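Keep in mind that the numbers below use all heavy atoms, side chains included, and drop hydrogens, waters and symmetry copies. If you're wondering where the values come from, they're calculated on a predicted model, not measured in any experiment.
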Amino acid sequence: MERYYSEEDIYELAELFKIFGDPTRIRILYAVLDKERCVNDIAGLLDMSQSSVSHQLRILKASKLVKSRREGKMVFYAPDDDHVRAILNMGMEHIREGENND
């Protein structure tokens with residue numbers, strides 16, 4: 001069965017994949033995948049500046065890939081939903097399958 005998608009759907013999907021096209025954002029997503037973390041924790045874990053992490057988190061949040069939760073003055077980040085984990089897992093599976101087929 002063929003599926004037809006609107007031009008807007010296709011555009012939005014392309015934009016989503018652009019977000020995944022940045023290694024720094026992928027590293028941040030993996031950092032929050034199993035444990036919510038604050039900017040300071042992510043920056044320390046990835047050896048990045050807090051400013052750089054905050055910038056990337058704004059992009060990820062605008063794309064609905066991460067969500068935030070405030071606790072006092074601290075803001076914690078986590079994947080927005082299970083789709084984020086699924087996309088990362090499927091992508092990693094795909095590249096590792098390619099390694100085995102060489």
Any side-chain heavy atom of Y77 within less than 4.5 Å of one from I28?
no

One thing to verify: whether K67 and D81 come together as a salt bridge, which I'm taking to mean a side-chain N less than 4.0 angstrom from a carboxylate O.
no

What verdict does the side-chain contact (heavy atoms from CB on, under 4.5 Å) test give for Y30 and M92, after you've listed the backbone C-alpha separation in whole Å, the side-chain angles of each residue and the deciding distance to 0.1 Å?
CA-CA 12 Å; Y30 273 115; M92 194 58 75; 3.5 Å; yes

Side chain proximity check, E12 to E8, heavy atoms < 4.5 angstrom:
yes

Can you check whether D9 reaches S6 side chain to side chain, under 4.5 Å on heavy atoms?
yes

Taking every heavy atom of D41 against every heavy atom of R37, the minimum-distance pair comes out as CB-CB, 4.1 Å

State, to 0.1 Å, how close R27 and M48 come at their nearest heavy-atom pair, and which atoms those are.
NH1-SD, 4.2 Å

If you define the side chain from C-beta out and look only at heavy atoms, does anything of E71 sit under 4.5 Å from F76?
yes

Could you check whether atom CG of D82 has more than 12 heavy atoms from other residues, nucleotides or ligands sitting under 6.0 Å from it?
no

For E15, is the CD atom crowded, meaning more than 12 foreign heavy atoms sit under 6.0 Å from it?
yes

Should E93 and R96 be marked as a salt bridge (Lys or Arg N to Asp or Glu O under 4.0 Å) after you check the CA-CA gap, both sets of side-chain angles, and the distance that decides it?
CA-CA 5 Å; E93 256 181 58; R96 287 191 172 157; over 6 Å; no

For residues L13 and L29: do they belong to one hydrophobic cluster (side chain heavy atoms under 4.5 Å, members Ile, Leu, Val, Met, Phe, Trp, Tyr)?
yes

Under a single-linkage definition using a 4.5 Å side-chain heavy-atom cutoff for Ile, Leu, Val, Met, Phe, Trp and Tyr, are I95 and L33 assigned to the same hydrophobic cluster?
yes

Kindly compute the distance separating CD1 (I26) from CZ (F20), expressed to the nearest 0.5 Å.
6.0 Å

Are any non-hydrogen side-chain atoms of D34 and R85 less than 4.5 angstrom apart?
yes

Would you call I42 and L46 a side-chain contact if the rule is heavy atoms closer than 4.5 Å?
yes

Could you report the tightest heavy-atom contact between L65 and V84, atom names first, then the distance?
O-CG2, 3.3 Å

Would you give the length of the straight line joining atom OG of S49 to atom NE2 of H55, rounded to the nearest 0.5 angstrom?
10.5 Å

To the nearest 0.5 angstrom, please state how far the CG atom of L60 sits from the CG atom of D80.
10.5 Å

Can you check side-chain contact (heavy atoms from CB on, under 4.5 Å) on V32 and E36, steps first, answer last?
CA-CA 5 Å; V32 300; E36 66 176 12; over 6 Å; no

Return yes if some donor-acceptor pair links the side-chain N/O of R25 with the main-chain N/O of I19 below 3.5 Å, else return no.
yes

Distance-minimising heavy-atom pair for L57 and V66:
O-CG2, 4.0 Å

Taking every heavy atom of T24 against every heavy atom of Q56, the minimum-distance pair comes out as CG2-CG, 3.9 Å

Between atom NE2 of H83 and atom CG of L88, what is the distance when rounded to the nearest 0.5 Å?
13.0 Å

Does one side chain, of S54 or S51, offer a donor that lies under 3.5 Å from an acceptor on the other?
no

